[in-house]
Structure formats: structure tokens, C-alpha cells
Amino acid sequence: MLSPRTTLYSFALAGAISSTGTAIACTMSDGIGPYTRSFGGLSAATGLLSAMWIVILILYNKRPLSEHLLTRASAHFISFIVFTPFWFAISIMMASQASYECDTNDEADGWCGSVVTTSVLALTTSILASAAAFLIYRTARRSGFSLRTINIANLDKQPSVGIVPFHSSW
């Protein structure tokens with residue numbers, strides 16, 4: 001069974017990969033937005049780097065006996081804290097181009113969908129990254145350990161973080 005943290009990592013990875021794909025479409029567009037191609041390229045690069053880093057974090061996610069730096073909860077927490085504002089900024093950048101690309105009175109050549117989808121995926125990835133960071137922080141605090149000292153895999157052995165399983169009284 002996947003832990004809630006691993007699930008959030010997986011969804012953030014999917015968001016980063018999806019955003020990279022739509023951002024590449026924006027980069028290759030012939031749109032009329034003044035920065036659509038530049039912001040698309042920045043989004044694609046951020047998505048690619050984020051996806052690679054999340055894969056690395058997932059690989060170090062289940063090593064309870066390791067003392068490697070990437071098995072510490074602080075490495076995972078800081079990574080997702082850094083992702084959050086970057087993805088939020090990319091969401092705003094891409095949304096700023098939507099007014100140009102989605103103007104039906106002009107020659108917007110149909111790139112509206114790519115720009116808006118990239119913006120929404122970036123915002124979703126930002127929200128997922130902040131949720132993952134919050135979950136790591138909250139679980140570590142409830143365990144009584146510091147983020148710097150506890151292994152990320154050992155957080156799975158701690159009590160639940162407020163998610164109570166449903167028990168039927170029938």
C-alpha cells in the first residue's frame with residue numbers, strides 16, 4: 001500500500017511531466033503572446049528538472065537504514081518547499097499569456113488551450129508540492145523528531161497524521 005506521501009509525490013511527478021508536455025507545445029507555438037514561447041520554454045525546463053528530482057526523491061523514499069543525505073526528511077521537505085513558489089510563478093506567467101492567446105477577435109491560431117492547460121497544471125503541481133511539504137512537516141513533528149535527523153522512510157512507521165480509517169458500526 002502506498003503512503004499518502006508517496007501518492008502526493010506521484011501526483012506531483014505526473015503534474016510536472018504533463019506540464020512539460022504542454023509547455024513544449026507552447027514553446028513551439030506560433031502564438032501572438034509576447035512571452036508565450038519564452039515562458040513555455042521556462043516551464044518545460046522547470047518541469048523536466050522537477051520530474052527528474054522527484055524521481056530521485058522517490059528512489060530514496062523507502063530506504064529506512066540508509067544515512068544518505070537524500071533519505072532525510074529535511075531534503076524532501078526543502079525540495080517541495082522550493083518547488084511550490086517556482087510552479088506558482090510559472091502558473092502566473094503562463095496565465096498572463098492567456099489574454100493574448102485566447103483573444104477571439106485576433107489571430108490567436110488555437111494556442112489558447114496549451115497556454116491555459118500549462119497554467120492550470122503548473123498551479124496544480126504547486127498545490128501538490130505544498131501538500132507534500134506540509135505532510136512531511138506534520139508527520140515529522142508528530143513523531144517528535146527533527147526534520148534534519150529523521151529518515152523519510154521512518155515517517156511511515158509513525159502514527160497516522162490525522163487520517164482516520166473508516167470503521168463501520170454494522
Side-chain angles (χ1 to χ4, degrees), residues 1-26 39-40 42-95 113-170:
M1 183 171 152
L2 290 176
S3 69
R5 186 183 69 253
T6 305
T7 304
L8 283 173
Y9 283 25
S10 300
F11 283 138
L13 177 62
I17 291 170
S18 300
S19 184
T20 301
T22 58
I24 289 171
C26 291
F39 291 165
L42 181 63
S43 179
T46 303
L48 187 62
L49 292 174
S50 295
M52 289 189 305
W53 188 248
I54 292 171
V55 166
I56 290 169
L57 291 177
I58 288 173
L59 291 174
Y60 282 93
N61 197 25
K62 299 286 183 188
R63 297 182 181 191
L65 301 177
S66 177
E67 292 184 14
H68 194 278
L69 177 67
L70 292 177
T71 60
R72 292 188 189 151
S74 60
H76 292 246
F77 176 75
I78 291 168
S79 295
F80 284 105
I81 285 293
V82 168
F83 287 157
T84 299
F86 273 101
W87 280 109
F88 187 70
I90 286 176
S91 174
I92 292 171
M93 285 187 246
M94 294 308 291
S114 295
V115 171
V116 172
T117 303
T118 303
S119 179
V120 169
L121 286 170
L123 180 61
T124 303
T125 305
S126 174
I127 291 168
L128 290 167
S130 65
F134 175 75
L135 187 65
I136 293 166
Y137 177 78
R138 185 171 176 193
T139 308
R141 293 309 254 168
R142 284 194 171 188
S143 70
F145 293 102
S146 167
L147 283 171
R148 285 179 282 165
T149 58
I150 192 164
N151 184 310
I152 193 76
N154 292 333
L155 290 180
D156 291 335
K157 298 176 185 174
Q158 301 304 321
S160 174
V161 292
I163 301 171
V164 180
F166 176 76
H167 294 289
S168 176
S169 61
W170 299 18

Asks: Stepwise, does the side chain to side chain contact (heavy atoms under 4.5 Å, CB included) test hold for I54 with F83?
Replies: CA-CA 10 Å; I54 292 171; F83 287 157; 3.6 Å; yes
Asks: So, for A51 and I17, which heavy atoms are closest and what is the spacing to 0.1 Å?
Replies: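 Reported closest heavy-atom pair: CB-CG1, 3.9 Å.
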Asks: Kindly write out the residues that satisfy salt bridge (Lys or Arg N to Asp or Glu O under 4.0 Å) with R72, not counting sequence neighbours, or none if the list is empty.
Replies: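 For R72 there are no salt bridge (Lys or Arg N to Asp or Glu O under 4.0 Å) partners, ignoring immediate neighbours.
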Asks: Using a 4.5 Å cut-off on heavy atoms from C-beta on, say whether the side chain of I90 contacts that of M93.
Replies: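 Side chain of M93 against side chain of I90, heavy atoms only: contact under 4.5 Å found.
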Asks: Which atom pair, heavy atoms only, marks the closest approach of G40 to C26?
Replies: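 In this case the closest contact between G40 and C26 is CA-CB, 4.2 Å.
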Asks: Side chains of T22 and T118 only: does a donor on one sit below 3.5 Å from an acceptor on the other?
Replies: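 There is such a pair (donor and acceptor under 3.5 Å, judged by atom type) between the side chains of T22 and T118.
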Asks: Measure the spacing between CG of L128 and OH of Y9 and express it to the nearest 0.5 Å.
Replies: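 With rounding to 0.5 Å, CG (L128) is 13.0 Å from OH (Y9).
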Asks: Heavy atoms only: give me the nearest A122-S19 pair and the separation to one decimal.
Replies: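 In this case the closest contact between A122 and S19 is N-OG, 4.2 Å.
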Asks: Is the closest side-chain heavy-atom distance between T125 and S50 below 4.5 Å?
Replies: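 The answer is no; the side chains never approach within 4.5 Å.
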Asks: Drop me the distance from I78's CD1 to L147's CG, to the nearest 0.5 angstrom.
Replies: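 Interatomic distance, I78 CD1 to L147 CG, rounded to 0.5 Å: 8.0 Å.
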Asks: Does a donor on one side chain and an acceptor on the other come within less than 3.5 Å for T46 and W87?
Replies: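 The answer is no; no qualifying pair exists.
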Asks: Between F134 and F80 (judged by ring centroids, cut-off 6.0 Å), do the two rings come close enough to count as a pair?
Replies: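 Centroid separation for F134 and F80: 6.0 Å or greater.
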Asks: Between S130 and I127, is there a donor-acceptor pair closer than 3.5 Å when you use the side chain of the first and the backbone of the second?
Replies: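 Here the side-chain-to-backbone pair exists.
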Asks: Run the side-chain hydrogen bond (donor to acceptor under 3.5 Å, both in side chains) test against N61 and tell me which residues pass, sequence neighbours left out.
Replies: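 Partners of N61 by the side-chain hydrogen bond (donor to acceptor under 3.5 Å, both in side chains) criterion, ordered by chain and then number, come out as R5, T6.
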Asks: Before giving the answer on side chain to side chain contact (heavy atoms under 4.5 Å, CB included), spell out for K62 and S3 the whole-Å C-alpha distance, their side-chain angles and the decisive distance to 0.1 Å.
Replies: CA-CA 11 Å; K62 299 286 183 188; S3 69; 4.3 Å; yes
Asks: Would T84 and F88 count as a side chain to side chain contact (heavy atoms under 4.5 Å, CB included) here? Give the steps.
Replies: CA-CA 6 Å; T84 299; F88 187 70; 5.6 Å; no
Asks: For S43 and F39, indicate whether the former's side chain and the latter's backbone hold a donor-acceptor pair under 3.5 Å.
Replies: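 Answer holds: no.
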Asks: Identify the two heavy atoms, one from H68 and one from L70, that lie closest to each other, and give their separation to 0.1 Å.
Replies: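 Heavy atoms of H68 and L70 come nearest at ND1-N, 3.0 Å.
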Asks: Will you find, in the side chains of Y60 and H76, an N or O donor that is under 3.5 Å from an N or O acceptor?
Replies: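 Looking only at side-chain atoms, H76 and Y60 do not form any donor-acceptor pair under 3.5 Å.
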Asks: Measure the CG-CG distance between L57 and L13 for me, rounded to the nearest 0.5 Å.
Replies: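 Between atom CG of L57 and atom CG of L13 there are 10.5 Å.
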Asks: Please give me the minimum heavy-atom distance between A44 and A23, naming the atom from each residue.
Replies: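 That would be N-CB, 3.5 Å.
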Asks: Testing the basics here: between M94 and S119, what is the closest heavy-atom pair and its distance to 0.1 Å?
Replies: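 Smallest interatomic distance, heavy atoms only, reads CB-CB, 3.8 Å.
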Asks: Does the side chain of Y137 reach to within under 4.5 Å of the side chain of S74, using non-hydrogen atoms?
Replies: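 Not touching, per the 4.5 Å side-chain cut-off.
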Asks: Would you please test M52 and L49 for side chain to side chain contact (heavy atoms under 4.5 Å, CB included) and show each step?
Replies: CA-CA 5 Å; M52 289 189 305; L49 292 174; 3.7 Å; yes
Asks: Hey, is the main chain of R63 close enough, under 3.5 Å, to the side chain of N151 for a donor-acceptor pair?
Replies: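 Yes, because the side chain of N151 sits within donor-acceptor range (under 3.5 Å) of the backbone of R63.
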